[in-house]
Amino acid sequence: MTEKTSRYLLRRRGGQEQAEFWGNPVESEGDPALCLRISSLLSGPVLELGPSSDPQTGERGTAVRTIHPGHPDWLVASLRRAARELNLDLSEAQLDAK
Amino acid sequence: MEDLAPLSPYRSDRQYARLETYRRLGLADSTWAAEQFSLRVHVSAAGPPGAEQRAGEIWEAVDRLPMQVKDILRGVIDELRLDQDPSFAPDTLGTWRDGTMRLNRDWSLIPSLSNQTWHRDLGYDLLRATLVHEAGHALVEDPRGGIRVRDTVALIAASGWLPHPLDDPIPYGPLGRHVATLSAYYLDRLTRIDPSWNGDLSLGSPALPPPAQLDRDLMREVSSFKRLWTKDRGSLRLLGSDQLLRRLRREDPAMLTRELAERGLALEDVDSALRRRRGISLYAEDAISETPAEIFRCIHAPFSRAEHSRPALIEGERVLLEPWRSSERAVGVRRPALAPERPWESLQLVRRGVGRELGR
């Protein structure tokens, strides 16, 4: 498989400040340096929605879970969280590998 | 023989009066819910204090929902219950089933949300996302309407669900380039597994297998919970795009290349197919039966990544929104009602001088 690299751009609304994160969304989640850099922006846990099921009744619903660094979904979820907390716009572009 | 179910946008012709209007008139929030949405409301008084305050927050979130979601609440939700945490599966924010939406009123008891340092807007975001997602299930699966199976499969095809290329190479060829041809292929295979998956029936039709069986018949791996509740009878063995990418990355490239070549494929074909369409959200990649409701949520309450999921959003606009918008265009955009649509009570309010406040 060819490499996929994504560029995540955090940009202050109406301003010039911006921060870029480069990485492969599938493989970068366990990168300690990247996790540390993004974690420093956050004031709380990274949350994500997912399904829930009641084994007794079969009732299905929406549950919330905490995602920790190293989880396959951590990178994208934490960047979104950082953008929300800091009132930044998050954009993502998928680029060909170099 | 069941009649073919029409698309059901659940559009209401009634004007909508805001919660603020009711509160200004001294009317209870539950009156607003009952009159504006024909909802029976149950607020559990047991458990931690603050049930009424929590109910107020929920009504404010409902008041801020897009009009289509409000129409779904009006058209297909009969009862809204704020129940205690122990009555839910762990970590559950809310559920929908058979015309009843249940919301967990004790979010502070959910471990992920027990730390109050989280951002003040996050609670609202989660509540809105839950309301829209569960309304999406009601739109897609309600027995009184729902969307057709063939449109459900189109949403799935547009969301990057693919078989492993060694299991089934066909979606990686020309057929997979367009959502229409890929979804027709998936539907054909699905009806071979079980002919009762009639593409023209609504997903909520009692003539169809239950939505959980859709996961079993389409997905490569379903949760142990669903294995208990559904039948094993073959499957299209589809995987979410990220799951599939991770799985392919773990394989030996030389062997994968050789085995793909035996099926007439090159790595580039697989790579192109994976780039073409991506999952709409992390939630949607957990289960195929969650995908349509998640597309609905990402259109109305973007919370998860949707940046590289344009095909799913485009298909969602066509299947989930356009029928409702067509009705809206045909009848005309509704203006907010200046007062509750209750002739007798409104008359009393005018007599008491409140009508002047409402601009009468």
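Naming: A, B, ... by sequence-line order, numbering from 1 per chain. Values below: every heavy atom of this structure, side chains too, minus hydrogens, waters and symmetry copies.
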Kindly indicate whether the side chain of A:Asp54, heavy atoms from C-beta on, has any atom under 4.5 Å from the side chain of B:Thr92. no
If I compare all heavy atoms of B:Ala129 with all of A:Leu49, which pair ends up nearest, and what's the gap? CB-CD1, 3.6 Å
Can you see which heavy atom on A:Ser53 is nearest to which on B:Ala89, and at what distance? O-CB, 3.5 Å
Hey, is CG on B:Asp167 packed in by over 12 heavy atoms from elsewhere, all under 6.0 Å? yes
With B:Arg247, which residues qualify under salt bridge (Lys or Arg N to Asp or Glu O under 4.0 Å), at least two apart? B:Glu221
Residues that B:Asp83 engages under salt bridge (Lys or Arg N to Asp or Glu O under 4.0 Å), provided they are two or more places apart: B:Arg81, B:Arg102
Rounding to 0.5 Å, atoms CD (A:Glu59) and CH2 (B:Trp96) come to a distance of 11.0 Å
Rounded distance [0.5 Å steps], CG in B:Asn104 versus OG in A:Ser52: 10.0 Å
Presence of salt bridge, A:Arg60 and B:Glu141, under 4.0 angstrom: yes
Among B:Glu294, B:Arg297, B:Glu134, B:Glu290, find the residue that satisfies the side chain to side chain donor-acceptor pair (under 3.5 Å) test when tested with A:Thr62. B:Glu134
Measuring heavy-atom distances to chain A, does B:Ile110 have an atom under 4.5 Å in its side chain, in its backbone, in both, or in neither? side chain
Taking atom types as modelled, is there a side-chain donor on B:Ser112 or A:Thr66 under 3.5 Å from an acceptor on the other? yes
